[in-house]
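Notes follow the structure.
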Amino acid sequence: MKRMLVSVVLLSSFLHFSVSAQTANALPRSTPEAEGVSATAISTFLDSVAASKHEFHSFMLLRHGKVVAEGWWNPYSRDLRHSLYSLSKSFTATAVGFARAEGKLSLDDKVVSFFPNELPDSANANLQQLTVKDLLTMSVGQEPDPTGTVVQDSNWVKRFFTVLIKYQPGSRFLYNSTATYMLSAIVQKVTGEKVIDYLQPRLFDPLGITKPDWEESPQHTNTGGWGLRLKTEDIAKFAQLFLQKGKWNGKQVLPQGWVEEASTAHIIQHPEYSQAKRDSSDWEQGYGYQMWRCRNNAYRGDGAFGQYAIVLPEQDAVIAITSETADMQGELNLIWKILLPTMQKEKLAANEGADAMLKKKLAALSLPVKKEVMSASLTKTASFVMEPNTQNIRSLSFNCKNNSCEVIVKADNGIYPVRFAANNWQQGETGLKGPYLVSGAQNSLTGLPAFKYAAEYTSIDANTLELVVRYIESPHTQTMLCRFDGDNITVDVKRSFNTNAPGAVVTLKGKAEEK
């Protein structure tokens, strides 16, 4: 009996340890009211998002270190990574912070000192003066931003050095993503590791961030200024770490003082603007080390189209968002208008009805699919040879039946089947690259595994088929509007961002394949 009792106690202890170990890296959860937040206000925020022009993919709100609301708009989900775009910059800067703390570099080090073999024959005085800190604060002195030109080259470091630095480094702010790439290259140079590998034991492991991935340049250096992919909770953890001044589970993870230094405004974006103009924008509050100051004494890392890690020290709160929007300021305005005022210092009275309503809303979040059914005239197998095009698509084959449609895309670099569902999202993986803001870069999206997607199709009319592919580890969607006319096909390939810019719609033409 005594032996059995000991065994039960040991088993109980083991089970307790196992459960604790499994949840040790997850953020704790709580109810909104218990952390001084109104569940009703969060529901109002979600309603406002639904009524807005912003397409949210995920949202997580933390108060006092606990998650009080979290949701993913189907087909996006909690287990998916999401492209961070320029939110990646905050992680690259953090790697610089670690490297400095380990004595591998100084912020006053001259950038040219790291790459003596990549320098042009003559380097002007401004280039010679450029420091690591100037890269961190986006005050290189180049104008305009050279990123679009630099990344088309096969050697980004060497090309960066050929761009004229017009102004004294440190004197003017200009957003410059290749400045962040240079930080990534410097970290790799002094540590012998890519940034993602260097951060793994120092940042990702302590926070329980598993399987991050990051694009690479032609030199197999992480792109630095973009290209990192993480889950929404990973973003929230990173922001929470900064809120806690670099401490995690009682241990100092980030170098002492780095949070304060990185989140302080070291340069003002447009000092010539009127105070009223600056007060109305979250992009005019000053810039730290690859982090933006916000209104309401907050700060953030952010990425194109609305990828956010927002830290609100006065409210002891964190907000993580992934989305696709053309109006990032509009998303922040919703936060300041609806969520910020609801954060109270004391607990609120329990409100089970409001909590239940919020949970219901969060569970039902979804992006719409069209409800039409495939027209009978299009339920046939057909293949078309495409005329030469900028998409490098050689042929398209269609096999549609029983509310399912498989489209086989044959391109210069491979054959890619993509399956679509009617009235629903068909999920899968593909090697076919989707729309991307940095698609013009050498090695674009290199270093990443197969891309996860969710796809649906709709019959617009008897001769028109709409194919929608959501690349659900990115902010973006691609739509193919296929018009059939006897043996001819015309396909308008549309991306979901910068829709009025050149290249937003590409028209392909083809003829039925001869049998």
Side-chain angles (χ1 to χ4, degrees), residues 86 88-199 214-227 255 258 261-262 266-267 287-290 441-443:
S86 287
S88 309
K89 292 178 168 68
S90 302
F91 290 83
T92 302
T94 301
V96 173
F98 281 118
R100 183 182 69 170
E102 294 171 9
K104 298 181 184 299
L105 59 77
S106 161
L107 301 194
D108 295 325
D109 286 342
K110 300 297 190 290
V111 176
V112 294
S113 69
F114 298 101
F115 308 102
N117 297 327
E118 306 293 351
L119 297 176
D121 293 336
S122 60
N124 71 4
N126 285 339
L127 176 56
Q128 296 283 2
Q129 293 174 21
L130 183 68
T131 67
V132 173
K133 184 176 180 180
D134 297 327
L135 299 176
L136 282 169
T137 57
M138 294 293 187
S139 56
V140 173
Q142 295 168 329
E143 189 181 60
D145 173 15
T147 300
T149 300
V150 170
V151 299
Q152 293 179 47
D153 202 283
S154 60
N155 186 325
W156 297 359
V157 169
K158 192 170 186 176
R159 185 68 180 90
F160 178 87
F161 283 136
T162 67
V163 179
L164 176 67
I165 297 181
K166 297 172 63 175
Y167 307 108
Q168 181 181 353
S171 65
R172 298 187 182 208
F173 175 90
L174 179 70
Y175 203 68
N176 184 336
S177 289
T178 46
T180 318
Y181 173 73
M182 294 299 291
L183 292 172
S184 176
I186 288 169
V187 170
Q188 183 164 328
K189 186 81 170 182
V190 300
T191 66
E193 296 181 281
K194 288 182 286 190
V195 167
I196 192 170
D197 298 323
Y198 182 64
L199 287 178
W214 206 324
E215 279 182 73
E216 299 177 3
S217 73
Q219 279 66 47
H220 303 292
T221 298
N222 291 132
T223 45
W226 67 94
W258 177 256
E261 193 175 350
H266 292 276
I267 192 166
Y287 195 75
Y289 293 164
Q290 310 284 289
Q442 289 272 350
N443 265 35

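We're numbering straight along the sequence, starting at 1.
Using bins of under 30°, 30° to 60° and over 60° for the plane-to-plane angle, the ring pair Y289/H266 lands in the parallel bin.
With sequence neighbours excluded, the residues that form a salt bridge (Lys or Arg N to Asp or Glu O under 4.0 Å) with E102 are R202. Taking R100 as the reference, E261 meet the salt bridge (Lys or Arg N to Asp or Glu O under 4.0 Å) condition, with sequence neighbours excluded.
Within the 4.5 Å cutoff, side-chain heavy atoms of V112 are placed close to those of Q128. Using a 4.5 Å heavy-atom cutoff, the side chains of V111 and L127 are not in contact. Looking at L174 and V140, their side chains never come closer than 4.5 Å, going by heavy atoms from C-beta outward. Within the 4.5 Å cutoff, the side chain of T149 has no heavy atoms near those of the V163 side chain.
Looking at K133, its side chain never comes within 3.5 Å of a backbone N or O of D108 through a donor-acceptor pair. With Q442 contributing its side chain and Q152 its backbone, the two residues share a donor-acceptor pair below 3.5 Å.
For residues 145-162, no residue pair satisfies the salt bridge (charged side-chain N to carboxylate O under 4.0 Å, His left out) rule, not counting sequence neighbours. Among residues at least two apart or in separate chains, ring pair (Phe, Tyr, Trp, His ring centres under 6.0 Å) pairs with a member in residues 121-156 are W156-Y181, W156-W226. Every pair passing salt bridge (charged side-chain N to carboxylate O under 4.0 Å, His left out) that includes a residue from residues 160-178 is listed here, sequence neighbours excluded: E143-K166.
Using modelled atom types and a 3.5 Å distance limit, the side chains of T92 and Q290 yield no donor-acceptor pair.
T221 contributes atom OG1, which lies 11.5 Å from atom CH2 of W214 (distance to the nearest 0.5 angstrom).
Across all their heavy atoms, S184 and N222 have their closest contact at OG-O, 2.7 Å.
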Below 3.5 Å, can you tabulate the donor-acceptor pairs from side chains in residues 113-123 to any protein atom, sequence neighbours excluded?
| unit_1 | atom_1 | unit_2 | atom_2 | d |
| --- | --- | --- | --- | --- |
| S113 | OG | K110 | O | 2.5 |
| E118 | OE1 | N155 | ND2 | 3.2 |

